[in-house]
Peer 1: 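There's a structure below that I have some questions on.
Below, chains carry the letters A, B, ... as their sequence lines are ordered, and counting in each starts from 1.
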Number of protein chains: 4
Amino acid sequence: MEDAATAALTEAAREKLRQTVDRIERLEEEKAEVANQIKEVYGEAKAFGYDVKALRQLVRIRKVDRAEREEQEAILDLYLLALGEI
Amino acid sequence: MEDAATAALTEAAREKLRQTVDRIERLEEEKAEVANQIKEVYGEAKAFGYDVKALRQLVRIRKVDRAEREEQEAILDLYLLALGEI
Amino acid sequence: MEDAATAALTEAAREKLRQTVDRIERLEEEKAEVANQIKEVYGEAKAFGYDVKALRQLVRIRKVDRAEREEQEAILDLYLLALGEI
Amino acid sequence: MEDAATAALTEAAREKLRQTVDRIERLEEEKAEVANQIKEVYGEAKAFGYDVKALRQLVRIRKVDRAEREEQEAILDLYLLALGEI
DNA sequence: GTTGATCTTATTTCTC
DNA sequence: GAGAAATAAGATCAAC
């Protein structure tokens, strides 16, 4: 007997599913590679004598700051929009 | 008076720190982009009628399976080793 | 002046908070004890001549296997679900 | 053919291994249960209106404080010991 | 709006 | 003691 998964699907449907899963898996691999590179940079920094924990905090703070700045600009745009300036 | 951060580091040290932070931030941006692409693929799958939650589980299971397969090859040796027989 | 913590809570609220913290701390102590017992068992095994590293891997593999077995039952459903066929 | 693991061991050795693994697995199960109970307590606290994040911090701080206090006492003991007082 | 899921970060534990 | 792996914690986002 064919296995159930095979039986339940058309060949086309199975092919499409397989492609979707493949795309996701390739992207996740890419993501893992980049994550690895980040780890390496922290590793080098540590070897260089940096306090890695502090460095991570610095990066995090800058990220939050950036987000806040962007929000501020968005608010400003809203005000300008409300005034018919843009 | 100079501010503390300026005072505490040589210009060269500050430059190096800045470069390190830059590299990390660029890599994190890349990572975020890839994460976004993954999210988009799931989004398309959802639009196509897939059960996204199930699809995620499927991907996760395949990942575990891959890891498992690699470990299977080591199991027999492990059993023997665990008994101190090797 | 009363201190802020005292001022901000009724006696009943403080009592309840204290009990909650106590429960958590007792449970964490328990958890630490059990973790210790596990460490002891490995210690005995080592004294007995077992390869502790291999033993740990064996335990880990059995855990993964158990999880895997449970997941296997769900996989077929997942494939079907993933295709939106159910 | 008998499988290799069976072939390589006496029955007694296999029995002892099995018991060791069993003990470890039972203890790990216990540990997981306690971890779960802790999670439940936090869940109840949240339902009761507590700020779980703050509560966790409180528990963590108390733990650090305890460790410090114990260290202080150890240092005191050392001083006393050095003075021939104990 | 609260639970559940995912993802990330942090800490701890193991191993070499 | 340093690197790797496991566990836990925290934050975030979606679904009901």
Side-chain angles (χ1 to χ4, degrees), chain A residues 24 27-28 31-32 34-36 38-61 63-64 67, chain B residues 24 27-29 31-43 45-46 51-61 63-64 67 70-71 78 81, chain C residues 24 27-28 31-32 34-43 45-46 50-61 63-64 67, chain D residues 24 28 31-61 63-64 67:
Chain A
I24 292 167
L27 287 168
E28 297 219 318
K31 202 177 77 161
V34 177
N36 233 38
I38 292 171
K39 197 178 283 187
E40 279 172 25
V41 175
Y42 279 114
E44 290 168 24
K46 183 177 186 174
F48 191 72
Y50 288 151
D51 177 332
V52 171
K53 187 174 169 180
L55 185 54
R56 279 186 189 278
Q57 264 177 328
L58 173 55
V59 170
R60 197 181 325 129
I61 286 166
K63 188 174 173 182
V64 171
Chain B
I24 292 167
L27 288 168
E28 298 219 318
E29 211 174 318
K31 201 176 77 162
E33 273 162 29
V34 177
N36 234 36
Q37 288 172 353
I38 292 171
K39 200 175 282 188
E40 280 172 25
V41 175
Y42 280 114
K46 182 176 186 176
D51 177 329
V52 172
K53 184 176 168 178
L55 185 54
R56 279 184 190 278
Q57 270 178 312
L58 174 54
V59 170
R60 199 183 321 134
I61 286 167
K63 187 175 173 183
V64 172
E70 282 158 21
E71 257 176 335
L78 276 174
L81 260 176
Chain C
I24 292 168
L27 287 168
E28 297 218 319
K31 203 177 75 163
V34 177
N36 235 39
Q37 289 173 353
I38 293 171
K39 200 176 282 187
E40 280 172 26
V41 175
Y42 279 115
K46 182 177 186 174
Y50 287 158
D51 177 330
V52 171
K53 182 178 171 180
L55 184 54
R56 279 185 189 278
Q57 271 179 311
L58 174 54
V59 170
R60 199 183 320 135
I61 286 166
K63 187 174 173 183
V64 172
Chain D
I24 292 167
E28 298 219 319
K31 201 177 77 161
E33 273 162 30
V34 177
N36 233 39
Q37 288 173 353
I38 292 171
K39 198 177 282 186
E40 280 173 26
V41 175
Y42 279 114
E44 289 169 26
K46 182 177 186 176
F48 191 72
Y50 287 154
D51 176 333
V52 171
K53 186 175 168 178
L55 185 54
R56 280 186 189 276
Q57 262 177 329
L58 174 55
V59 170
R60 197 182 324 132
I61 286 167
K63 187 175 174 183
V64 171

Peer 1: Looking at Arg56(D), I'd like to know whether one of its side-chain N or O atoms comes within less than 4.0 Å of OP1 or OP2 on dG10(F).
Peer 2: yes

Peer 1: Rounded to the nearest Å, what distance is computed from the CG atom of residue Asn36(D) to the C1' atom of nucleotide dT7(F)?
Peer 2: 14 Å

Peer 1: Between Arg56(D) and Val52(D), is any pair of side-chain heavy atoms under 4.5 Å apart?
Peer 2: yes

Peer 1: Find the distance Leu58(D):CG to dG10(F):P and express it as a whole number of Å.
Peer 2: 12 Å

Peer 1: In whole angstrom, give the distance that lies between atom CD1 of Ile24(A) and atom C1' of dC7(E).
Peer 2: 16 Å

Peer 1: For a quick check of understanding: with a heavy-atom distance under 4.0 Å over all strands, which category does Lys39(A) fall into, base, sugar-phosphate or nothing?
Peer 2: nothing

Peer 1: Between Val59(D) and Tyr42(D), what is the shortest heavy-atom contact and its length?
Peer 2: CG2-OH, 3.7 Å

Peer 1: Mind checking the CD-CD spacing from Gln37(B) to Glu40(B)? Nearest 0.5 Å is all I need.
Peer 2: 6.5 Å

Peer 1: Rounded to whole Å, how long is the line connecting atom CD of Glu28(D) with atom C1' of dA8(F)?
Peer 2: 15 Å

Peer 1: Remember a base hit wins even if backbone is also touched, and classify Lys31(A) as base, sugar-phosphate or nothing at under 4.0 Å, heavy atoms.
Peer 2: sugar-phosphate

Peer 1: Nearest whole Å is fine: how far is dT11(E) P from Ile61(D) CD1?
Peer 2: 13 Å

Peer 1: Give a yes/no answer on whether the side chain of Arg60(D) brings an N or O atom under 4.0 Å of OP1 or OP2 in dT12(E).
Peer 2: no

Peer 1: Need to verify one output field. Residue with the more 5' nearest nucleotide on DNA chain F, Lys46(A) or Gln57(D)?
Peer 2: Lys46(A)

Peer 1: Between CG of Leu27(A) and CD of Glu33(B), what distance do you get to the nearest 0.5 Å?
Peer 2: 12.0 Å

Peer 1: Would you say Lys53(B) reaches dA5(E)'s phosphate, i.e. side-chain N/O to OP1/OP2 under 4.0 Å?
Peer 2: yes

Peer 1: Please report the distance, rounded to the nearest Å, between CD in Glu40(A) and C1' in dG3(F).
Peer 2: 13 Å

Peer 1: Reading DNA chain E from 5' onward, which residue's closest nucleotide shows up sooner: Ala35(C) or Lys63(A)?
Peer 2: Lys63(A)

